[in-house]
Enquirer: 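What follows is a single structure, and I will ask about it in a moment.
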Amino acid sequence: DLTEHQSSSLCEGQCDEGFFCGPASVNQTLCIAGGFCPKGASSPRPCRAGTYRAELGGTSQASCNLTEPGFFSPTQSVQQLPCNAGSFTSLPEQGSCELCLQGTFQNSKGQSACRACRVGFHCPNGSSVELPATCRPGTYLPEGVDFRTEEDCSVCFPGSACSGGR
């Protein structure tokens, strides 16, 4: 590190932890929220995805907080953000949320899991609501079959009319 070898009597050495000193700095600058500044930093380093820091003056990645299940944070975040309805995170320290899989849904923000879609409803990927199970016109849902996808629907018999639905 070049700052260790500065020979001018006006140089006072490296910046302290929690501060950064840009080129030709005269004074230390308190480290930004969403980042951290180890000793001698010339600029702030961002908290990595899945972590955040609301306060100024972070000194290391360890001073960034881990996101909780149901929440995420992109790089250099100052807060954790709740997953939107239709998505979730089941683990801490996540940089993004996962969509609910087909057959599941989540109607609330900030959740750590998706809920199973009930019989008589279907839920495509990323569902935030259960949709009533319906088959396309020209098809029908046979008795005793639970609708999960359109593949559960059968084609109408020749000479029959099916308007779709259940």
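In this chain, numbering begins with 1 at the start of the sequence shown.
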Enquirer: Look up atom CD in Glu98 and atom CG in Leu91, then write down how far apart they are to the nearest 0.5 Å.
Expert: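 The CG atom of Leu91 is 8.0 Å from CD of Glu98, to the nearest 0.5 Å.
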
Enquirer: Look up atom OG in Ser77 and atom CG in Asn65, then write down how far apart they are to the nearest 0.5 Å.
Expert: 11.5 Å

Enquirer: So, Gln106 side chain and Ser108 main chain: donor-acceptor pair closer than 3.5 Å or not?
Expert: yes

Enquirer: I need the Asn125 CG to Phe105 CZ distance, nearest 0.5 Å.
Expert: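 Result: 15.0 Å between the selected atoms.
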
Enquirer: If you look only at distance, which donor and acceptor atoms sit under 3.5 Å apart when one is on a side chain in residues 110-118 and the other is two or more places apart or in another chain?
Expert:
{"residue": "Gln111", "atom": "NE2", "partner": "Lys109", "partner atom": "O", "Å": "3.0"}
{"residue": "Arg115", "atom": "NH1", "partner": "Asn107", "partner atom": "OD1", "Å": "3.3"}
{"residue": "Arg118", "atom": "NE", "partner": "Glu130", "partner atom": "OE1", "Å": "2.9"}
{"residue": "Arg118", "atom": "NE", "partner": "Glu130", "partner atom": "OE2", "Å": "3.3"}
{"residue": "Arg118", "atom": "NH2", "partner": "Glu130", "partner atom": "OE1", "Å": "3.1"}

Enquirer: Which residue pairs pass the salt bridge (Lys or Arg N to Asp or Glu O under 4.0 Å) test with at least one member in residues 58-79, sequence neighbours excluded?
Expert: none

Enquirer: Identify whether Leu56 and Phe36 are in the same connected component of the hydrophobic contact network (ILVMFWY, side-chain heavy atoms under 4.5 Å).
Expert: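 Hydrophobic grouping puts Leu56 apart from Phe36.
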
Enquirer: Report yes if the SG atoms of Cys47 and Cys64 are separated by under 2.5 Å, and no otherwise.
Expert: yes

Enquirer: Any idea which heavy atoms bring Cys83 and Thr89 closest together, and the distance?
Expert: SG-CG2, 3.6 Å

Enquirer: Test of understanding: with side-chain hydrogen bond (donor to acceptor under 3.5 Å, both in side chains), list the residues that count as partners of Asn84, not counting sequence neighbours.
Expert: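 Expected list: none.
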
Enquirer: Could you check whether any side-chain heavy atom of Cys37 comes within less than 4.5 Å of a side-chain heavy atom of Pro44, counting everything from C-beta outward?
Expert: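 Side chain of Cys37 against side chain of Pro44, heavy atoms only: contact under 4.5 Å found.
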
Enquirer: When you compare the side chain of Pro74 with that of Leu81, does any pair of heavy atoms fall below 4.5 Å?
Expert: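 Yes - at least one pair of side-chain heavy atoms lies under 4.5 Å apart.
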
Enquirer: Who are the side-chain hydrogen bond (donor to acceptor under 3.5 Å, both in side chains) partners of Gln76, not counting sequence neighbours?
Expert: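 For Gln76 there are no side-chain hydrogen bond (donor to acceptor under 3.5 Å, both in side chains) partners, ignoring immediate neighbours.
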
Enquirer: I'd like to know if the two cysteines, Cys135 and Cys153, have SG atoms within less than 2.5 Å.
Expert: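 Answer is yes, sulfur atoms closer than 2.5 Å.
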
Enquirer: Side-chain contact test, heavy atoms from C-beta onward, threshold under 4.5 Å: evaluate it for Phe72 versus Gln80 and give yes or no.
Expert: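 Side-chain contact under 4.5 Å: no.
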
Enquirer: Side-chain polar contacts of residues 20-33 - donor-acceptor pairs under 3.5 angstrom, sequence neighbours left out - could you list them?
Expert:
{"residue": "Ser25", "atom": "OG", "partner": "Gly22", "partner atom": "N", "Å": "2.7"}
{"residue": "Ser25", "atom": "OG", "partner": "Gly22", "partner atom": "O", "Å": "2.5"}
{"residue": "Gln28", "atom": "OE1", "partner": "Asp16", "partner atom": "N", "Å": "2.5"}
{"residue": "Gln28", "atom": "NE2", "partner": "Asp16", "partner atom": "OD2", "Å": "3.2"}

Enquirer: Hey, could you give me each pair passing side-chain hydrogen bond (donor to acceptor under 3.5 Å, both in side chains) that has a residue in residues 40-58? Not counting sequence neighbours.
Expert: Arg48-Glu93, Thr51-Gln61

Enquirer: Would you confirm whether Thr104, through its side chain, and Cys100, through its main-chain N or O, come within 3.5 Å as a donor-acceptor pair?
Expert: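 It does not hold such a pair.
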
Enquirer: Does Gly18 offer a backbone N or O that forms a donor-acceptor pair with the side chain of Thr59 under 3.5 Å?
Expert: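 Not confirmed, Thr59 side chain does not pair with Gly18 backbone.
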
